Protein chains: 2
Amino acid sequence: MKLAEAKQQFVASWGAFGTQWGINRTMAQIHALLLISPDPLSADDIMEQLSISRGNANMNIRELIDWALVNRVIVAGERKEYFTAEKDIWKVVRQIVKERKKRELDPMLKLLDELENVEGDKRDKEVKTFTDAIANIRRVGGQAEKTLDTLIKADESWFISSLMKIFK
Amino acid sequence: MKLAEAKQQFVASWGAFGTQWGINRTMAQIHALLLISPDPLSADDIMEQLSISRGNANMNIRELIDWALVNRVIVAGERKEYFTAEKDIWKVVRQIVKERKKRELDPMLKLLDELENVEGDKRDKEVKTFTDAIANIRRVGGQAEKTLDTLIKADESWFISSLMKIFK
DNA sequence: CTAAATTTTCAATAGTTATTGAAAATTTAG
DNA sequence: CTAAATTTTCAATAACTATTGAAAATTTAG
């Protein structure tokens with residue numbers, strides 16, 4: 001396979017992959033493009049390579065910066081802004097896990113804690129099934145939280161040993 | 001908080017949570033409803049409790065069955081079909097991980113293997129950046145695959161010890 | 001069989017999310 | 001400052017996804 005074709009393929013697939021995980025296709029494609037680009041790209045470069053509008057490019061670049069997956073870089077003697085992506089995928093994974101945990105898992109655990117204290121007699125089948133389900137989800141969620149926290153802090157080299165420690 | 005309100009809250013939140021992960025809101029809500037229901041529910045029960053149409057209920061129930069998160073049950077003396085959800089959340093997590101891995105991670109790794117063999121001179125900066133990025137993603141993906149395979153096979157009780165083994 | 005009950009399908013449509021593109025705001029070189 | 005370059009905003013609209021509801025298909029009781 002030729003480089004140009006392989007690049008196309010990767011950008012398209014990364015975009016499709018993203019949509020399955022609730023990530024905007026364009027955002028994932030811009031990220032992919034920057035991942036495989038040796039040099040920083042300008043908004044114009046991105047617009048051209050992905051055939052998207054300026055507004056779309058701008059919005060999604062900003063979102064990527066907000067997720068700390070992309071950085072603005074200044075190129076000497078250039079007025080335009082340029083952008084690069086973090087190339088270390090392990091860091092990228094950690095960053096995404098960190099953000100999604102903060103935005104989604106933490107609030108969910110907070111809600112579960114409230115729902116577990118529902119009023120009513122535990123001998124009532126309806127109440128028991130509900131509180132049992134919530135407690136069960138809370139427990140698994142709590143486990144996930146601990147694991148993810150370790151993963152977020154972990155340097156790849158001590159990923160293994162750290163992961164082992166949390167279960168001590 | 002009263003039980004009825006807590007149930008509502010849980011179903012709504014589970015639905016919202018699902019959408020952030022690329023899962024249809026109704027599908028997640030039906031799943032939530034069945035998780036906290038002591039007895040199996042019919043399509044009519046689900047339609048009524050979620051205020052959705054028969055078609056919508058049918059489609060999403062079928063999708064949940066396809067994901068093996070929901071089962072049809074026969075209620076003696078009843079003509080209608082009834083449905084239950086697996087109540088053990090640990091099993092649910094494993095099932096979801098198993099399906100998503102099969103549907104998404106495995107094909108992605110297959111693609112990365114192809115893309116890594118792109119034609120061209122490795123001394124070319126463009127080629128090198130591309131193959132390095134792909135190799136890097138492939139490596140992290142491979143690590144994820146091993147971890148998830150262990151998680152899928154793991155019984156909760158030996159979750160810990162199994163997880164430790166993969167990194168030996 | 002027959003017909004009532006139930007489930008499934010799917011075209012029409014509603015609802016949601018993404019994208020455009022041009023105007024407004026901001027930045028910077030001179 | 002001034003004006004050109006660049007970035008940002010956002011209303012309009014396109015594209016995509018979910019939902020309805022009624023007709024068709026299937027199942028089952030008698």
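Quick caveat: nothing in here was measured; it's all calculated off a predicted structure. When reading the values below, keep in mind they use all heavy atoms of this one structure, side chains included, and skip hydrogens, waters and symmetry mates. Residue numbers start from 1 in every chain, and the chains themselves are labelled A, B, ... in the order their sequence lines are given, proteins ahead of strands.
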Taking the six-membered ring for Trp, are B:W14 and B:H31 parallel (under 30°), tilted (30 to 60°) or perpendicular (over 60°)?
-> tilted
How close or far is atom [atom2] of [N] from atom [atom1] of [X], stated in whole angstroms?
X     : N      : atom1 : atom2 : answer
A:M59 : D:dA12 : CE    : P     : 15 Å
A:I61 : D:dT7  : CD1   : C1'   : 10 Å
A:N60 : D:dC10 : CG    : C1'   : 15 Å
A:R79 : D:dT7  : CZ    : P     : 9 Å
A:N58 : D:dT8  : CG    : P     : 5 Å
A:M47 : C:dA18 : CE    : P     : 20 Å
A:R62 : D:dT6  : CZ    : P     : 18 Å
A:R72 : C:dT27 : CZ    : C1'   : 13 Å

Will you find, in the side chains of B:E104 and A:W21, an N or O donor that is under 3.5 Å from an N or O acceptor?
-> yes
Do we see a donor-acceptor contact under 3.5 Å between the side chains of B:D132 and B:T129?
-> no
Take B:S51 and A:T19, find for each the nucleotide of DNA chain D with the closest heavy atom, and name the residue whose nucleotide sits nearer the 5' end.
->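 Looking at the nearest nucleotide for each, A:T19 comes out on the 5' side.
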Closest-nucleotide ordering on DNA chain D, the 5'-leading residue of A:N56 and A:E81 |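 Taking each residue's closest nucleotide, the earlier one in sequence belongs to A:E81.
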If pairing requires Watson-Crick or G-U wobble contacts with both distances under 3.5 Å, which nucleotide is the partner of D:dT28?
->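 Result: C:dA3.
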Pair assignment for C:dA11, Watson-Crick or G-U wobble, requiring both distances under 3.5 Å = D:dT20
Name the nucleic acid region contacted by A:R25, choosing base, sugar-phosphate or nothing; use a 4.0 angstrom heavy-atom cut-off, strictly under.
-> nothing
Answer with base, sugar-phosphate or nothing: what part of the nucleic acid does A:N24 contact at a heavy-atom distance below 4.0 Å?
->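 If one applies the 4.0 Å heavy-atom cut-off, A:N24 turns out to touch the sugar-phosphate alone, with no base involved.
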Between the CG atom in A:L34 and the CG atom in A:L41, the distance rounded to the nearest 0.5 Å is 5.0 Å
Donor-acceptor contact below 3.5 Å, side chain A:N136 vs main chain B:I89 =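 Checked: pair present.
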Specify the residue among A:R54 and A:E78 whose closest nucleotide of DNA chain C lies further upstream toward the 5′ end.
->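 Looking at DNA chain C, the more 5' nearest nucleotide goes with A:R54.
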